[in-house]
Amino acid sequence: FMMPSIVDKAPVLVAISSSGTAPVLTSKLKEMIEIMIPGSIDKLANLLGSYRARVKDTIANLDQRRQFWQDLLESEIPEMVYSGNEDAAIEAIEQRLRDRLQAAKTGRKMGEVYLVGAGPGDPDLLTLRALRLMYKADVVLYDRLVSDEIMQKLRPDADKIYMGKEQAKPSVGQETINEMLVRLAQEGKRVLRLKGGDPFIFGRGGEELETLAQAGVPFQVVPGITAANGCAAYAGIPLTHRDHAQSVRFVTGHRKDGSVDLNWAGLVAEQETLVFYMGLSKVAAICHGLRQAGLPDTWPIMLVANASQPEQQSLVGTLADMPERLAAQPLPSPCLIMVGSVVSMVAHSPAARLSQTQCWQQH
Ligand code: SAH
């Protein structure tokens with residue numbers, strides 16, 4: 001005889017069992033679930049239950065009905081109930097039903113675009129909002145930088161369209177991407193634009209949003225952990241450690257025309273960490289430019305490839321010897337370049353990804 005632990009917020013009931021293997025784990029899970037579930041989830045469940053028949057009458061199509069309920073749960077309505085404002089919640093649901101009827105009459109139904117940052121690759125670095133929207137989207141337009149493990153977290157039946165993008169040159173032109181986003185949303189779809197890192201850090205997210213705004217397509221932006229933050233955490237480099245740097249600058253090593261013509265003198269500042277995106281093929285030019293602008297030959301530089309993923313690799317050296325080191329041990333793409341005295345905090349050159357604890361123990 002086994003007793004499952006129960007979280008009872010009738011009509012919502014959660015039963016937890018470890019099939020008799022670990023009763024303490026079961027009570028720990030019960031505690032976690034109790035914390036996670038809002039105290040007045042019962043009120044929300046009852047309210048939704050009272051609308052069930054009407055929503056079914058109003059929206060005959062099963063998919064559309066599921067979308068209606070999902071949108072409602074994503075909206076401000078649950079929060080209204082939890083904060084005791086049930087009248088406002090009822091009014092908001094009524095409004096949604098009226099909008100629904102109106103849309104059915106005019107035949108117009110506008111979808112939505114979610115511009116989501118997927119972080120540097122480790123799926124544990126996705127935000128909760130990113131995960132929620134990933135599970136909601138009907139169509140996904142994704143970039144090369146989005147890892148396979150992250151792709152596995154998408155709704156299984158969602159259409160997935162690869163947008164390529166090597167460096168700044170998209171395999172599918174940016175114009176085409178912008179047009180696709182608008183067209184799919186206008187067809188009533190929930191479109192997920194999934195990008196590596198953060199959509200607004202060298203991600204051309206701004207250009208996509210401009211097009212959406214012009215076309216009157218509603219959108220949401222979800223920030224992601226940018227490669228610089230991912231590399232810093234997984235390689236053990238505090239980008240602005242007080243003893244080393246007072247500022248950090250994100251720079252692209254890649255111009256629109258493919259050259260790397262940066263204002264080197266302007267990049268050399270005391271107590272600053274520089275992070276170069278899209279610079280792997282320009283390492284020699286970057287080292288040369290910075291030395292010419294006055295940084296010492298011995299100035300530390302680190303390259304981190306595939307940060308936060310099991311294949312993470314890195315190289316540590318100086319501005320003078322890094323081009324040679326890289327030639328001897330080429331790194332794959334994507335790769336980030338960090339330059340500055342903070343890099344000296346990495347005692348060894350970890351050939352492969354160390355656990356974060358190991359990496360810090362080496363300091
Ligand atoms: N929006 C992204 C950056 C896109 S530009 C972000 O916020 O991270 C692409 C560049 O990002 C790559 O050339 C590389 O320099 C860097 N990058 C992205 N993911 C990375 C990773 N997992 N490891 C190392 N560098 C990465």
Side-chain angles (χ1 to χ4, degrees), residues 114-127 130 141-151 163-172 174 177 192-209 221-237 239 248-256 258-260 262 273-283 285-287 301-316 322 326 329-339 343 346 349-354 356 359:
Y114 316 128
L115 182 61
V116 174
D122 182 345
D124 282 358
L125 297 182
L126 285 167
T127 61
L141 275 59
Y142 66 100
D143 281 352
R144 180 182 63 99
L145 281 175
V146 179
S147 71
D148 292 344
E149 288 147 294
I150 288 178
M151 291 302 293
M163 293 291 121
K165 278 211 178 181
E166 296 283 331
Q167 295 238 335
K169 292 170 276 174
S171 346
V172 180
Q174 189 64 49
I177 298 178
L192 175 70
R193 178 73 180 109
L194 196 57
K195 285 171 173 283
D198 180 90
F200 284 170
I201 301 284
F202 306 127
R204 307 192 71 175
E207 293 164 53
E208 291 171 13
L209 293 192
V221 184
V222 182
I225 292 183
T226 189
N229 292 132
C231 288
Y234 284 71
I237 297 185
L239 291 173
V248 55
R249 212 173 333 173
F250 297 169
V251 186
T252 174
H254 190 98
R255 283 198 153 190
K256 220 171 171 178
S259 69
V260 60
L262 288 163
T273 305
L274 293 173
V275 181
F276 291 88
Y277 286 68
M278 293 178 272
L280 183 60
S281 59
K282 314 278 174 359
V283 169
I286 289 171
C287 291
I301 172 170
M302 180 173 191
L303 271 51
V304 186
N306 288 316
S308 85
Q309 302 189 41
E311 320 80 70
Q312 178 172 319
Q313 288 179 57
S314 52
L315 274 180
V316 179
M322 185 50 89
L326 182 62
Q329 193 192 327
L331 288 183
S333 187
C335 181
L336 200 81
I337 305 170
M338 290 186 272
V339 179
V343 171
V346 173
S349 157
R353 176 178 153 193
L354 298 171
Q356 287 187 300
C359 165

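Atoms within each ligand, like the ligands themselves, are counted from 1 in listed order. Nothing fancy with the numbering, it's 1 onward along the sequence.
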Specify side chain, backbone, both or neither for Asn306, according to which of its non-hydrogen atoms lie closer than 4.0 Å to ligand 1.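 Only the backbone of Asn306 comes within reach of ligand 1.
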For a side chain to side chain contact (heavy atoms under 4.5 Å, CB included) with Ile301, tell me which candidate from Val343, Val316, Ile337 qualifies.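 The passing option is Ile337.
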The single option from Leu194, Val146, Val172 passing side chain to side chain contact (heavy atoms under 4.5 Å, CB included) against Met163: Val172
Go through the structure and list residues passing salt bridge (charged side-chain N to carboxylate O under 4.0 Å, His left out) with Glu149, not counting sequence neighbours. none
What pairs with Ala130 under side-chain contact (heavy atoms from CB on, under 4.5 Å), at least two apart in sequence or on another chain? Val116, Leu126, Thr127, Val222
Within a distance under 4.0 Å of any heavy atom of [X], pick out the atoms of ligand 1 and give their elements.
X	result
Ile201	1 (N), 2 (C), 3 (C), 6 (C), 7 (O)
Ala227	6 (C), 7 (O), 8 (O), 16 (C), 17 (N), 18 (C), 19 (N), 20 (C), 26 (C)
Thr226	6 (C), 7 (O), 8 (O)
Phe202	4 (C), 5 (S)
Val304	24 (C)
Pro120	22 (N)

Nearest-0.5 Å distance that lies between atom CG in Leu115 and atom CG in Asp198: 8.5 Å
To the closest 0.5 Å, what do you measure between CD (Gln313) and CG (Leu303)?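 Going from the CD atom of Gln313 to the CG atom of Leu303 covers 10.5 Å.
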Geometry only, no angles: is [X] polar-contacting ligand 1 at N/O separations under 3.5 Å?
X	value
Met278	yes
Leu145	no
Gly196	yes
Ala307	yes
Tyr277	no

Of all heavy-atom pairs between Gly121 and Ser147, which one has the smallest distance, and what is that distance? O-OG, 2.8 Å
For Ile225 and Gly230 the tightest heavy-atom approach is CG2-N, 3.8 Å
So, 4.0 Å and heavy atoms of Cys335: is ligand 1 close enough to count as a contact?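 Checking ligand 1 against Cys335, which is what was asked, there is a heavy-atom contact under 4.0 Å.
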Contact between Gly121 and ligand 1, counting heavy atoms under 4.0 Å? no
So do Met322 and Met302 actually touch side chain to side chain, heavy atoms under 4.5 Å?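 Result no, sub-4.5 Å side-chain heavy-atom pair not found.
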